[in-house]
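Here is the structure we will look at, set down as structure tokens.
So you know, we letter chains A, B, ... as the sequences are listed, proteins then strands, and number each from 1.
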Amino acid sequence: MASKNDPFQFQEFEEAGNLLESNRDAVTISIEDEDLKSKRQRSAVGFAQDVGDEEPLINEDREELLSGQKKNAPFWTFEYYQKFFDIETHHVKERILGSLMPWPGKNFIQVHLRKNPDLYGPFWICTTLVFAIAISGNLSTFLRYFGNSNYKYTAEFGKVSIAATAIFSYAWLVPLGLWGLLLWRSNKILNLVSYSFMEIVCVYGYSLAVYIPAVVLWIPHVEWLRWLSIVVALCLSSSVLVMTFWPALRDDHPKVIIATVVGIVLLNGLLAVGCKMYFFNEPKLGPLHVSPPEAKTNRTSS
Amino acid sequence: MASAEEASRPFAGLSDVSISEEIPVEGDIAVPVGPSTRDDEFSTLDEPVKETIVRDLRAVGNKFIHVLYPKRSSALLRDWDLWGPLLLCVTLALLLQGGAADSDDQGGPQFAEVFVIIWFGSIVITLNSKLLGGTISFFQSLCVLGYCIMPLTVALIVCRIVLLSVSGKVSFAVRLGVVIASFGWSTFASTAFLADSQLTNRKALVVYPVFLFYFVIGWMILTFSPGN
């Protein structure tokens, strides 16, 4: 009867809004609260934003609230990692195609990942690349000495472990460094575009996909073809990475932007050229240089 | 009142029966507990060792036949065992041993390398399948992947025989054909068992690592060249 006890009073929305602000991981989902919350956040931040930034902000808020349920498992349980494999075949196909054909303005993380980074793509692309490099290197050495009767074919199996170390450390340590860098800069610059570590690992993993056909093209001993494929693969891969990290960097000090972009491209190029030099080295044409143990076995056999 | 009480108590009528003190009351109150018949049938502790081994060998041989004719039967999945995979893995690693430049550092794969690739590869594929939400259990998947290496082992034996007799381009063509056929057979056999346990829209994601695994093993077999 009293108006204070009226259950249909609209005070409840205010309380829920306050509760949500204090506890961001709350599992409550309601569209009106999200709009209130995002409006409050924008007004609290204080400066005007251009229209282009508003869309991803609202999407990030909504999806962070909706995905609050995902983050409950501690990192030592199986369920924690299961949420990184929550993708389907067509998602993986889209992501690989998106990394092969970068489009200016299409940020890989925002367009393809959509807050659902996966570990399937990066892991299996890196593994495929390791074996592709080892097998292609083996094939190209074999083709090099094909008609030569002095050459005893060996499988050169030790190179697989070296390739694996190089590629997996690139795919994990560089994203770690980049994530740390972005975290450090976000303390100094008020930056609302932030990427989680898994998203950065995901982008780096998918950006290596373009090297798999490039490595296959390195098999025949045609120098210009090899360098051409390296340059094309480097351009595609680096442009995916640079376009992804540009929104996170563009508000920063110009020196930091240039240093970071140059660092990304340089490390990428170092990986490509290093792999080519080590696995596909070209001894000069001429008398076949055999190492002493092989020469001994050849002499004893003939 | 007393009689009503007595009537309501169970065994009320027996209170009249009494045993005289002269007759000693004795007997055996131990309840004879024989072995329950259910346990007896499955208890294999007392059988001769030969019987145990023959039974296990028969189970392994049965599974080999299932790999040869991969129908959608669930025998491989229900009674998984790791004897067959171990046998095949050791055979494969031993046969890949007598390769050229065995004393070199960069020769053919060492025994440990083959072992690690097969077992570590199987474990990674199983983890991948489980993370993608597969319903197959860990050891069942290891069992299936291990047994499906059998066609590739057979191919390696054939390759070694071919290398002993023929040489040159013909031998390479024959070996290539045999390895490709057995690689296809292995992949087909294992996906017949594994793909059923996945959702339709993730089948390709589970099949691709299996394809890569058998491709690498097939590559190791194809590039095997005997020493002198």
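Taking CG of B/Leu132 as the reference point, atom CD1 of A/Ile87 lies at 7.0 Å (rounded to 0.5 Å).
Here salt bridge (Lys or Arg N to Asp or Glu O under 4.0 Å) pairs that include residues 199-220 of chain A, with residues two or more places apart or in two chains, number zero.
Contact of A/Phe123 with chain B is made through the side chain alone, with heavy-atom distances under 4.5 Å. Residue B/Leu222: no heavy atom, backbone or side chain, is found under 4.5 Å from chain A. Residue contact with chain B, scored on non-hydrogen atoms closer than 4.5 Å, involves the backbone and the side chain of A/Tyr81 alike. Contacts between B/Leu205 and chain A at a heavy-atom distance below 4.5 Å involve backbone atoms as well as side-chain atoms.
By the 30° and 60° cut-offs, the orientation of the rings of A/Trp172 relative to A/Phe197 is tilted.
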Audit row: A/Leu139, B/Trp219, side chain to side chain contact (heavy atoms under 4.5 Å, CB included) steps and yes/no: CA-CA 11 Å; A/Leu139 267 178; B/Trp219 175 257; 3.7 Å; yes
Candidate pair A/Tyr195 and A/Thr244, rule side chain to side chain donor-acceptor pair (under 3.5 Å), full reasoning: CA-CA 10 Å; A/Tyr195 298 135; A/Thr244 304; over 6 Å; no
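In this structure, B/Glu47 and B/Arg55 have side chains that are in contact, with non-hydrogen atoms separated by less than 4.5 Å. Within the 4.5 Å cutoff, the side chain of A/Val130 has no heavy atoms near those of the A/Cys126 side chain.
When the heavy atoms of residues 202-217 of chain A are compared with those of chain B, none of the residues falls under 4.5 Å.
Here A/Tyr120 and A/Phe84 keep their ring centres 6.0 angstrom or further from each other.
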